[in-house]
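Data block below; observations after.
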Protein chains: 2
Amino acid sequence: MFTLSEENYLKAIYHLESGSEKGISTNAIAKSLETKASSATDMIKKLSEKEVVFYKKYQGVTLTDFGKKTAANIVRKHRLWEVFLVERLNFSWDEVHEVAEQLEHIKSPKLINQLDALLGFPTHDPHGDPIPDKDGNINAVDKILLANLTKNERGVCVGVHDSSSEFLRFLDKKGITLGKEITVLEKEDFDDSLLIEIDAEKLSISKKIANNLYIQK
Amino acid sequence: MFTLSEENYLKAIYHLESGSEKGISTNAIAKSLETKASSATDMIKKLSEKEVVFYKKYQGVTLTDFGKKTAANIVRKHRLWEVFLVERLNFSWDEVHEVAEQLEHIKSPKLINQLDALLGFPTHDPHGDPIPDKDGNINAVDKILLANLTKNERGVCVGVHDSSSEFLRFLDKKGITLGKEITVLEKEDFDDSLLIEIDAEKLSISKKIANNLYIQK
DNA sequence: ATTATTTTTTAGACTTGTCTAAAAATTATT
DNA sequence: AATAATTTTTAGACAAGTCTAAAAAATAAT
């Protein structure tokens, strides 16, 4: 069994690993958890003892298979709870993160399996992120950033990269939600902004926004 | 804000207070939390600093109004989650306690209010215990122990005193659930057992059982 | 009313998870 | 290749929450 702190480290390492080949540095972990490198080193040693990470001094960490599975299960819980909050308790997608951060640590296999069933075995959370199955496998979607679409290309909005409340509320305001079809009408060279069409309306989108929205062609 | 440990102490004191007039002793608290008296003393001091209990050395503790409200809110959360687990996630009434012990510490007013609404503002948990409202007020039911009914008296089963899994599973086996009507046919003097009628069937009930079942006349 | 017993508190220690400051190792720069 | 800068680790400290053992207070028993 893992402590709350251990689970948070595992989750951080899990997220950092998906997006880099090599081992995850102590600093990267510390930064992601808003703690100090020395604290991270301490915890890494504990996780290594518990055989959820491989660790060699000065060379960062990698999750073991067991560690991956454990971390994926925490992510699974987090995302299932997010679906529950949005679909059953009228939370908006920018409100769920903090609460899900707490709920993901509740220990009860039955609870999470029944919740999964209650929600109809969802495959994605409210931000479009895939929900790992019981074995930790995820159904990778071949999504690309809106910024990488070329002129006149079209696709469906399937996820966000940045899921901060601010960004999500901005999207709500602009009417951009998951499932909406987006067409790129223009790409401005001088500031990399986009002119898109959504709901038969034209909308200008900055580079920053376009780099945080995932599209499926 | 209170730590997990502080919340558990508050809840224990709250439960111990309902059933005694005076202050709650250090030992009683320690016993109820399966810890040592010295640990209880330490925590009592912290709770006293936070003004949730009145405390004078060697004289036990009493909850302040603030403390009562805080504790009632934890109990409210615990019981609402129990309803959710039984009514929405197919848990049986003997399985919910452990999970609710975890869920009761989740901090999110919106979560609990929405959950309350989702469940249709239930007034009692699956064991018949009343659910405090947002202000900590509870709707006291005038229930009595089955053991205190006299021959030929009748009533409805509205709660259990002992809510251990073993007892609840025993009740399930005998077909005794909340809402069932029970008539006392005989009271045996030599062992204080009861002969009751339930669902038009006769059933013999030991003193111990009769002392753990609440009836509303 | 004076012992004996029980309860409660104190004192000091231990664990978990964190921190700062300094040392050691690695990586980057000239 | 030697020095500078950065990263990582170690060492020692601290807070929270717990424990054991001993002292102090309260209660019970003779």
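Letters A, B, ... mirror the listed sequences (proteins, then strands); counts begin at 1.
Distance Glu7(B) CD to dA16(D) P: 16 Å, rounded to the nearest Å. One interatomic measurement links the two molecules: NZ of Lys56(B) to P of dT7(C), which rounds to 22 Å at whole-angstrom precision. Rounded to whole Å, the distance from CG on Leu47(B) to C1' on dG17(D) is 12 Å. Between the CZ atom of Phe2(A) and the C1' atom of dT16(C) there is a distance of 16 Å, rounded to whole Å. Following rounding to the nearest Å, Tyr55(B) (OH) and dT7(C) (C1') show an atom-to-atom distance of 12 Å. The CG atom of Asp42(A) sits 10 Å away from the C1' atom of dA11(D) (whole-angstrom rounding). Protein atom CE of Met43(A) is 8 Å distant from nucleotide atom C1' of dT16(C), rounded to whole Å. Rounded to whole Å, the distance from NZ on Lys45(B) to P on dA16(D) is 14 Å.
Asn27(B) meets the side chain to side chain contact (heavy atoms under 4.5 Å, CB included) test with Ser25(B), Ala37(B); sequence neighbours excluded. Take Asp191(A) and apply the side chain to side chain donor-acceptor pair (under 3.5 Å) test, not counting sequence neighbours, and it matches Ser193(A). With sequence neighbours excluded, no residue satisfies side chain to side chain donor-acceptor pair (under 3.5 Å) with Asn211(A).
Direction of the helix axis in the helix from dA1(C)-dT30(D) to dT30(C)-dA1(D) shifts by 0° between the two five-pair termini, rounded to 10°.
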For nucleotides 23-29 of chain D, tabulate all protein N/O to nucleotide N/O atom pairs closer than 3.5 Å, reporting atom names and distance.
from	atom 1	to	atom 2	distance (Å)
dA25(D)	O4'	Tyr58(B)	OH	3.4

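Sorted by first and then second residue, the pairs that involve residues 91-119 of chain B and meet ring-ring contact (aromatic ring centres under 6.0 Å, His included), not counting sequence neighbours, are His78(B)-His97(B). Applying the salt bridge (charged side-chain N to carboxylate O under 4.0 Å, His left out) definition to pairs two or more places apart or across chains, none involves residues 128-149 of chain B. The list of salt bridge (charged side-chain N to carboxylate O under 4.0 Å, His left out) pairs with a residue in residues 105-114 of chain B, not counting sequence neighbours, reads Glu95(A)-Lys110(B), Glu7(B)-Lys107(B). Among residue pairs with one or both ends in residues 36-61 of chain B, none qualify as ring-ring contact (aromatic ring centres under 6.0 Å, His included); sequence neighbours excluded. The salt bridge (charged side-chain N to carboxylate O under 4.0 Å, His left out) contacts involving residues 71-82 of chain A comprise Arg76(A)-Asp116(A), Arg79(A)-Asp125(A), where partners must be two or more places apart or lie in separate chains. Among residues at least two apart or in separate chains, salt bridge (charged side-chain N to carboxylate O under 4.0 Å, His left out) pairs with a member in residues 43-58 of chain B are Glu6(B)-Lys50(B).
Shown here is His15(A), whose NE2 atom has more than 12 heavy atoms of other residues, nucleotides or ligands within 6.0 Å.
For the pair Lys46(A) and dT16(C), the criterion of a side-chain N or O lying under 4.0 Å from OP1 or OP2 is not met. The phosphate of dT10(D) (OP1 or OP2) has no side-chain N or O of Thr41(A) nearer than 4.0 angstrom.
A perpendicular orientation is assigned to the rings of Phe84(B) and Trp81(B), their planes being inclined by more than 60° (bins at 30° and 60°).
Within residues 9-39 of chain B, the residues that have a heavy atom under 4.0 Å from DNA chain D are, in order of number, Tyr9(B), Thr35(B), Lys36(B), Ser38(B), Ser39(B).
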